[in-house]
Colleague: 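One structure follows; several queries about it will come next.
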2 protein chains.
Amino acid sequence: MTGRPYHHGDLRAVLLAGAERTLAERGPGALSLRELAREAGVSHAAPSRHFRDKTALLDALALSGFERLTERLDAAASESGDTRGGLLAMGRVYVAFALGNAALLDLMYARKHAPDSPGELTAAVGRLLETVLGMIAEGQRAGEVAAGDPESIAFTVASTLHGFAVLNSTTPPEEIDRSLPHIIDVLATGLVPR
Amino acid sequence: MTGRPYHHGDLRAVLLAGAERTLAERGPGALSLRELAREAGVSHAAPSRHFRDKTALLDALALSGFERLTERLDAAASESGDTRGGLLAMGRVYVAFALGNAALLDLMYARKHAPDSPGELTAAVGRLLETVLGMIAEGQRAGEVAAGDPESIAFTVASTLHGFAVLNSTTPPEEIDRSLPHIIDVLATGLVPR
DNA sequence: ACCTGAACACCGTTCAAGT
DNA sequence: ACCTGAACACCGTTCAAGT
């Protein structure tokens, strides 16, 4: 069953994995379908069977990025006790993702913003936002989050998490570990004096 | 004095303007030095006199983006009365920039995150953050912003502004006009019940 | 100082043909 | 169904040479 003589069998996944590696190690400018094909041991025309064109591969990469990020956020949310702990855990997850996959995170949103962006990407971002919304709604039920439109609150939190992660995707982890709790505290207590 | 026969005189600026136009209209994948040179009416080798390579042009583009965004944030901050009005104005400016220059904004942060990113980009982001910091410090002096480390508070605000703008760079303006004040309110009063 | 023209080593995409 | 090989029209970059 091993040693496929002609059919690769798993080319799509191999191309995606190779693309993610190149993206992380050498940046988006170094991504080449022909090189990915070479590394996979197939002809340069083979990838077209799995991805209509280069942007289709990028979109698939972006989609898998959103799915993994949302998965980890979900896990962080369900593993933590109160709302503050949940926010902290989600912040850590988001920042860790940004640190470990800076180029991928940039690509994820760049592709989402592209005029020919597929609906799957918008839907994937929607699922990410729903994860945050779930945690806020739960916090309101527990009396740990103030009353008010949960969508607005969740969107504020998601914005802060995303912005903080992007603005820190090049910051040393120890420094982030120190600053993240402060950011969560500001978000929790608000700007206006109490 | 007109009708330069050989020297272009303004090639660098023309290339940058063309690049920004292509970026906005056809996305980053359509950016080609050779095409920019063609549009500028020079040979395909001419751009190399002004930009060492393609990433140098992208970096220059990113830098000018950060400078313009910071300029507009500065203006918004100084034109508004209290802290809440300032935050709202800055939020509007940031979102307007994201809506009008989505691909450029993506490029700005992508280049900032690149391993070979020039220090000018980091410095430009620093100036952007300082603009937010200035407004927070002023708010604290006026008693409109709670006491606490101004850096942390400013970073929280900057994160929220950036995140909100990026998450909405594809949202219709009317919807943003409705939702932005709610986001500022959540940021102002905090998540925890008062 | 600034630009040209040719050359080189790459691309992405398409399409007949092979297994 | 999946892949190859050749072909086409592009790239970015370099470098002698021109003005």
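Order of the sequence lines fixes the chain letters, A, B, ..., with proteins taken first and strands second; residue numbering starts at 1 for each chain. Here the structure is a predicted model, which is why all the values come from computation and not from measurement.
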Colleague: In terms of relative ring orientation, are A/F66 and A/Y109 parallel, tilted or perpendicular, with 30° and 60° separating the classes?
Modeller: perpendicular
Colleague: For A/R12 and D/dA1, is the shortest distance between a side-chain N/O and OP1 or OP2 below 4.0 Å?
Modeller: no
Colleague: Is any side-chain N or O of B/R38 closer than 4.0 Å to OP1 or OP2 of C/dT4?
Modeller: no
Colleague: From the options D/dA7, D/dT4, C/dG12, select the nucleotide whose nearest atom is closest to the side chain of A/H44.
Modeller: D/dA7
Colleague: Partner lookup for C/dC2, please. Criteria are Watson-Crick or G-U wobble with both distances under 3.5 angstrom; report none if nothing qualifies.
Modeller: D/dG18
Colleague: Could you check whether atom CD of A/E138 has more than 12 heavy atoms from other residues, nucleotides or ligands sitting under 6.0 Å from it?
Modeller: no
Colleague: Determine, for B/R111 against B/D116, whether the closest basic-nitrogen to carboxylate-oxygen distance falls under 4.0 angstrom.
Modeller: yes
Colleague: Round to a whole Å and report the spacing from CZ of A/R26 to C1' of C/dC10.
Modeller: 13 Å
Colleague: Given that A/D53 and B/L11 both sit by DNA chain C, which one's nearest nucleotide is further toward the 5' end?
Modeller: B/L11
Colleague: At under 4.0 Å, does any side-chain N or O of B/H50 touch on OP1 or OP2 of C/dC3?
Modeller: yes
Colleague: Starting at CG of A/L15 and ending at P of D/dC2, how long is that distance when rounded to a whole Å?
Modeller: 13 Å
Colleague: What nucleotide among C/dT4, D/dT4, D/dT13 has an atom nearest to a side-chain atom of A/V42?
Modeller: D/dT4
Colleague: Among D/dC15, C/dC3, C/dT14, which is the nearest nucleotide to the side chain of B/S43?
Modeller: C/dC3
Colleague: Is there a donor on the side chain of B/R34 or the base of D/dT13 sitting less than 3.5 Å from an acceptor on the other?
Modeller: yes
Colleague: Which nucleotide sits closest to the side chain of A/S32: C/dT4, C/dG12, D/dC3?
Modeller: C/dG12
Colleague: Tell me: CG of A/L36 to C1' of C/dT13, nearest whole Å?
Modeller: 15 Å
Colleague: I would like to know whether A/H113 and B/D106 meet side-chain hydrogen bond (donor to acceptor under 3.5 Å, both in side chains); could you show each step before the answer?
Modeller: CA-CA 9 Å; A/H113 298 153; B/D106 288 332; 2.9 Å; yes
Colleague: Considering residues, nucleotides and ligands other than A/R52, do more than 12 of their heavy atoms fall under 6.0 Å from its CZ?
Modeller: no
Colleague: Choosing from C/dC3, D/dT13, D/dC2, which nucleotide comes nearest the side chain of A/R49?
Modeller: D/dC2
Colleague: Which nucleotide in the set D/dG5, C/dC11, C/dT4 lies at the smallest distance from any side-chain heavy atom of A/E35?
Modeller: C/dC11
Colleague: Need the pair for D/dA9. Rule: Watson-Crick or G-U wobble, both distances under 3.5 Å, any strand; none if unpaired.
Modeller: none
Colleague: What is the distance, to the nearest angstrom, from the CG atom on A/L33 to the C1' atom on C/dC10?
Modeller: 14 Å
Colleague: Could you give the CZ-to-C1' distance, from A/R52 to C/dT13, as a whole number of Å?
Modeller: 12 Å
